[in-house]
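Numbering of ligands and ligand atoms starts at 1, following listing order.
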Amino acid sequence: MSNPELWQMRFSMYPEKARWALDHKRVPHVRRSLLPGPHAVQLIARFGQKAMPILRHEGKVLKNSAAVLDYVERTWPDPPLYPTDPVLREQALELQKWFDEAIGPAVRRAGFYEWLPHTEYSARRIATGLSEWQQKLYAWAFPAIRAIMMLDMKIDAAGADAGRNLTREALDFVAEKSQRTGYLVGDQFSVADLTAATILMPTCLPPEFPVHIPRPLPPGWAHWLARWQGHAGCEYVRRIYREHRGISAALGE
Ligand SMILES: N[C@@H](CCC(=O)N[C@@H](CS)C(=O)NCC(=O)O)C(=O)O
C-alpha cells in the first residue's frame, strides 16, 4: 500500500484532526503544507475545493476532516478511534459533527477577530516552518490576505461575540461531560475527544500541539488565552493532548 498524502495548513485545527488520526495509528504519510492565500490557487485547480484537510490515497480523495477520519479508521482500524458499541459510536460521531460544524467556525471567528490585527506576528505564526525571507514576504502580503480571510470567514464584532459565547459553551460542555470517566463518550479516548481537543486547541494551546508557536505573544493573542486559561474545559483539552497526542508519523513535508 502506498503512503497517504495530506494537504494541510500547519497552524490550523481541522488539518490537526487529520494529522492526529494518522499519527495515532502510526500511519506513515506525507504532508503538503500550504498558506492561506496562495492555497486557493493550488487546491482549486487540483481538487476543486480550497478547504483543508484533503487526503489522497490509492486514487481516492477525501475532502473533509470527518471523511478523512472515517477513511483512516476503516483503512487502519488499530488503535480504534470509533467506539465498538454502536450507540456510543453514534454519540461520538454526533459530537464530532457539533464540534466541526458549530464550534470550530465560532472559535475561529472569535479568535481571528482578536489575533489578526497583529499583522507581523499573525503572518509569522501562520507561515511557521517557512524560511525567514518567505515569512517576510508573507508578512508583506498579509494585509491583503487578511482582508480576504475576514470576508471569507465572516469575521466581525457580532460574529466574535457569538463565537466567544459558543467557545465558552463548548468548554463548559467538555468539562462537565468528561467528569465521570475522563472522556466524552464511554470510558475511552475516541474521535469525540480528538475532535473536541483539536477544535479547542487554539483556545487552550496545549504544549503538545506539534507546531511551533513564536513568542512573545502580542496582546490580542495573549488576552485570548488568558481569558480561558483557568477554565476546567482547558484542563480537559490539555490532559487529552498530554495523554493521547503522541508523536508524528509523517515522512516529510
Ligand atoms: N468542515 C471542514 C472545515 C475545513 C476548514 O475550514 N479548513 C480550513 C483550515 S482550518 C481551511 O482550509 N480554510 C481555508 C479555506 O477554506 O479557504 C472540515 O472538517 O474539514
Pair up each side-chain donor or acceptor in residues 195-219 with any protein partner under 3.5 Å, not counting sequence neighbours, and list the distances.
residue: Thr195; atom: OG1; partner: Val191; partner atom: O; Å: 2.7
residue: Thr198; atom: OG1; partner: Leu194; partner atom: O; Å: 2.6

Ala40 near ligand 1, heavy-atom distance under 4.0 Å?
no
More than 12 heavy atoms of other groups within 6.0 Å of Gln91 CD:
yes
Looking at Ser12, which atoms of ligand 1 are within less than 4.0 Å of one of its heavy atoms?
9 (C), 10 (S)
Taking ring-ring contact (aromatic ring centres under 6.0 Å, His included) as the cut-off, I'd like each qualifying pair that reaches into residues 175-203, sequence neighbours left out, listed once.
Trp20-Phe189, His24-Phe189, Tyr183-His244, Phe189-His244
Give me the nearest non-hydrogen protein atom to atom 11 (C) of ligand 1 as residue plus atom name, then the distance to 0.1 Å.
Met52 N, 3.8 Å
Lys17 vs Asp23, salt bridge (Lys or Arg N to Asp or Glu O under 4.0 Å): CA-CA, chis, key distance, verdict:
CA-CA 10 Å; Lys17 275 184 68 190; Asp23 292 345; over 6 Å; no
Could an N or O of ligand 1 be found under 3.5 Å from any N or O of Ser65, whether backbone or side chain?
yes
Of Gln49, Lys17, Lys97, Lys50, the residue with the heavy atom nearest atom 16 (O) of ligand 1 is Lys50
Which of the atoms of ligand 1 are close to Pro53, meaning less than 4.0 Å from one of its heavy atoms?
20 (O)
How far is atom 1 (N) of ligand 1 from the closest protein heavy atom, and which atom is that?
Asn64 ND2, 3.7 Å
Option passing side chain to side chain contact (heavy atoms under 4.5 Å, CB included) with Arg168 (candidates Asn165, Leu166, Asp172):
Asp172
Tell me whether Ala66 has any N or O atom under 3.5 angstrom from an N or O of ligand 1.
no
Taking atom 8 (C) of ligand 1 as the point of reference, which of Met9, His39, Glu16, Arg108 owns the nearest heavy atom?
Arg108
If you count heavy atoms of other groups shown closer than 6.0 angstrom to NZ of Lys25, is the number above 12?
yes
Verify the ring-centre separation between Tyr121 and Trp115: is it less than 6.0 angstrom?
no
